[in-house]
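Comments concern the structure below.
The chains referred to below are lettered A, B, ... by the order of the sequence lines, with proteins before strands, and numbering in each begins at 1.
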Amino acid sequence: MQRCYSCRVTVAGHKTCCPLCGGQLSGTPEPDTEVFPALEKPRFTTGFVLRLLALIAIAVSVICVLANIATGWHALWSLFVVAGAVCVWVAAAIGVAYRRDMAQNIGWQVVLIPVLSFLWDWWTGWRGWSVDFVLPCVCIVGILAMLLIAVLCKTPLRRFAGPLIGACFLGLVPLILIACGRVRVLLPSLLCAGLAILSLAALVLFQWQTIKAELLRRFHL
Amino acid sequence: MSNAKRNQKNLSWSRLDNAAKIFPPTSHGSATGVFRLSCELTEPVAPDVLQAALTRTLERYPHLLMVMRRGVFWYYLEQTTTRPSVVPEHAPPCAALYEGSRSLLFRVSYWRHKVSLDMYHVLADGAGAIEFFESLMTAYLSLRHPEVGVDGITQASVSQRWADSFQKYYKPHGGGKTTEGLGRAYRLRGVRRADGGLTVIEGVADVRQVLAAAHRCGTTLTVYMTALLLSAIHSEMYVREQKKPVVLTVPVDLRSFFPSRTTRNFFGTIRVGYDFSRRSGEIEDIVACVAASFKEELTPERLGARMNQLAALEHNPVLRVIPLALKNPVLRLSGAVSDRGETAALSNVGKFRLPEALHPFVRGFGVFMSTGATQLCTCSFGNSLHFGFTSAFENTEVQRRFFELLTNEGIEIEIRSNEYHEEEGAACSDATAAE
């Protein structure tokens, strides 16, 4: 056993310094009496990956802003790059945060991408592409992707019911937009609404118990 | 839902109990909300036997097989088909367990002679986890040593164990008087660890020696240890900081006050403060002050009133309808405000019990709780008393001073720690001074 004379305690295991006072130890070390393993530090943590992505986004932004200044102020094109980098980082952050649950990941992307597109469309002088194309297409892809992954991975419905129902309800939004006369290109919106209604109907008709249980859980007060 | 097929389709779920609700929003950094129970054996652990024991024990604790999911208004627990496997210890003590809606909320790991159970506080409290851990270790040792002939301990029913006792004993208008806050407490200073983990220092002493020292002060073990910790923190304070009281949070097992056999959370906390600027700071005076506050606080009325106060928050109709994404920052803030009134925490989880015949195979048990500051957990088994210090700080002044107070009483202490100095022959902090 090792011993610290200044603390008057015995120290288990094999230590170079006293864990209490940092002083020198005397006596023979007994590595067999060690209680905690020496652990290897994890190489990549979630925080590290996100910080790395943030650094890349900042680097791209800085280079573009500097290049913009160097080539003259006539067109502020670097602002677009900065906003784009922020958007990509947010989407990637959600991807990393929900990497263990693909359905939820897709669910959040289905919400995020149309919202960001809407902001871009609005900022660049409203041409309506975000509601005409992005919202319905993202919903269609999202719903189909969730169903495909579920079939391929044989995931039980309760695992992805929440995001799927959410995406289906979002898929009904184009229908409301058509009713309000906000949509100029009808086809994507109609396809999207059709798929959403069909999926919801199938869920309600064949999986009502699962859906009900999921809603009760998710919305409990 | 007796139908097994239907059960598979619609997994059972449950709300988080009142005390569990605060953990998910406030779990970050070194305060992961995870605590560890460990058991040191006299021989190396056999992983396959431990796995068999875990599988067998979980049959009686099916409600621990839960994952935590996000609802629109609250988190909730949902039964899972994932089964745990015992793993070699690869994570630091009390490392975060919740990594999304698929992760189990407890982990059983082993290393050499030691078995550890890390448990997320959302699932169970100390007393609940101890019951499970005792069953696990009994199962393991009786499988490992069938010649001893030990049967499992008689247990409460599954529904008793999964009862939410906070709900059971909640009285909507059972206000009553609770203690007023002790104001802003002194906060420990120090450099937080670079890796965001915990500095773990475990001290082992003979319970008889410590009891004798407590009796010399004319008090009980818990009061004595609380007083020593207050005194140890005092030694680290600057004079100008002494106008703030040192306040310790002490969790109290409510099962001793309200009949319950739940393994879910059923604890309250009391706060014990000492003002070094107004009082002498002598250990006898601290002991007297601590004993007085224990006597005042540890009554069913006081604890019940506090419990009702916290439960009333949960039952508040306005708070309930706030979406989870907005609720989390609010709860985080209230956690931070509450932390300002606390210097450190001390938790005496009491005795571990195993069938007499298995005692020769066990050296002792240990308890550690994750914390954003410093926490001391104590427990005993047979004649060995374990002090589990966890700290988010690198410096170990409070721990050193605490053990110094014990050794001054002639108590022999063995120290273990999770610190490794990687470079062989690295200079110790006082090496230059010694030269």
- Query: Distance from R218(A) atom CZ to W13(B) atom CH2, nearest 0.5 Å?
  - Reply: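 Interatomic distance, R218(A) CZ to W13(B) CH2, rounded to 0.5 Å: 11.5 Å.
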
- Item | Top of R99(A), R3(A), R100(A), Q2(A) for chain B proximity - count of heavy-atom pairs under 4.5 angstrom |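 Of R99(A), R3(A), R100(A), Q2(A), R100(A) has the most heavy-atom pairs under 4.5 Å with chain B.
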
- N/O donor-acceptor pair under 3.5 Å between T10(A) side chain and I415(B) backbone: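 No; judged by distance alone, with no hydrogens or angles, the pair does not exist.
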
Sub-4.5 Å side-chain heavy-atom contact between [X] and [Y]:
{"X": "P19(A)", "Y": "E419(B)", "value": "no"}
{"X": "E414(B)", "Y": "M1(A)", "value": "yes"}
{"X": "F403(B)", "Y": "C7(A)", "value": "no"}

- Message: If we define contacts as heavy-atom pairs under 4.5 Å, which of E202(B), R401(B), E99(B), E397(B) has the most with chain A?
- Response: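 Most heavy-atom pairs within the cutoff with chain A belong to E99(B).
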
Which portion of [X] sits near chain A, non-hydrogen atoms under 4.5 angstrom:
{"X": "R112(B)", "answer": "side chain"}
{"X": "T407(B)", "answer": "both"}
{"X": "W74(B)", "answer": "both"}
{"X": "P317(B)", "answer": "neither"}
{"X": "V321(B)", "answer": "both"}

